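Predicted model only: the values in this text are computed from it and were never measured.
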Amino acid sequence: MLVNGSHTQKFKPRKGPRQGDPLAPFLFLIVAEGLAGVVRKAVEKGLLQSVEVGDCLVKVNMFQYADDTLFFCKVEIQSVFTIKVMLNCFELALGLKVNYLKSRIGGVDAVGTFYRVVPLF
């Protein structure tokens, strides 16, 4: 690390950002973009199929708001496994943890029938 243009000794950070830290939203955006990149790669490789929405058939595969993430994909067991693998890789790469006790999976078909929601673990 450079401090005032000079190299310093290595140091280990002891505390991360706190709630209300003005830097936190930007850090979240960087991390969220990393997850979006992983999802894009899975779609490119055919491991995950996007859902087409609206008259223009816009492809949607993920929606993020605050600290929540919704995945949209074809209703297939392979899609569930792919999402679980992506989240595990995401955890390993960034050192963050996904709380699977708060994670749920459910389905809605084309006519709006809602299928039961079950824990994702």
Side-chain angles (χ1 to χ4, degrees):
M1 173 178 279
L2 295 176
V3 175
N4 294 331
S6 302
H7 287 280
T8 63
Q9 295 178 351
K10 291 183 179 181
F11 67 93
K12 207 173 201 179
R14 293 190 178 105
K15 296 182 181 181
R18 300 272 190 254
Q19 185 173 358
D21 189 323
L23 190 59
F26 299 110
L27 294 173
F28 176 77
L29 288 174
I30 291 169
V31 171
E33 183 56 35
L35 181 58
V38 171
V39 172
R40 277 193 298 272
K41 276 290 188 195
V43 170
E44 284 175 16
K45 294 182 180 268
L47 300 172
L48 197 63
Q49 294 181 9
S50 300
V51 175
E52 296 175 339
V53 180
D55 295 334
C56 298
L57 298 178
V58 176
K59 292 187 177 189
V60 177
N61 48 37
M62 187 173 72
F63 175 74
Q64 293 181 308
Y65 180 77
D67 60 350
D68 296 322
T69 302
L70 297 172
F71 292 98
F72 298 92
C73 58
K74 298 286 182 183
V75 182
E76 299 172 346
I77 194 70
Q78 180 62 37
S79 298
V80 176
F81 288 124
T82 300
I83 291 171
K84 183 79 184 252
V85 167
M86 286 188 309
L87 292 174
N88 286 339
C89 291
F90 186 72
E91 284 182 337
L92 291 172
L94 296 176
L96 299 172
K97 298 293 180 198
V98 175
N99 188 346
Y100 290 108
L101 295 176
K102 291 184 176 181
S103 301
R104 301 286 182 262
I105 187 166
V108 179
D109 66 11
V111 293
T113 304
F114 184 74
Y115 299 97
R116 69 184 181 137
V117 176
V118 294
L120 178 66
F121 53 74

Table please: side-chain donor-acceptor pairs of residues 44-59 below 3.5 Å, with sequence neighbours left out.
residue : atom : partner : partner atom : Å
Ser50   : OG   : Asn61   : ND2          : 3.3

**OP:** For residues Lys84 and Leu87, determine if any side-chain heavy atom of one lies less than 4.5 Å from a side-chain heavy atom of the other.
**Re:** no

**OP:** Starting from the C-alpha separation in whole Å, work towards a yes-or-no answer on side chain to side chain contact (heavy atoms under 4.5 Å, CB included) for Leu70 and Phe72.
**Re:** CA-CA 7 Å; Leu70 297 172; Phe72 298 92; 4.0 Å; yes

Original post:
How about Ile83 and Phe81: do any of their side-chain heavy atoms sit closer than 4.5 Å?
Top reply: no

**OP:** Determine, stepwise, if the pair Val98 / Tyr100 fulfils side chain to side chain contact (heavy atoms under 4.5 Å, CB included).
**Re:** CA-CA 6 Å; Val98 175; Tyr100 290 108; 3.9 Å; yes

Original post:
Yes or no on side chain to side chain contact (heavy atoms under 4.5 Å, CB included) for Phe71 and Thr69, after CA distance, side-chain angles and deciding distance?
Top reply: CA-CA 7 Å; Phe71 292 98; Thr69 302; 3.9 Å; yes

Output a table of donor-acceptor pairs, distance under 3.5 Å, between side-chain atoms of residues 28-42 and any protein atom two or more places apart or on a different chain; print 'none' if there are none.
residue : atom : partner : partner atom : Å
Glu33   : OE2  : Arg40   : NH2          : 2.7

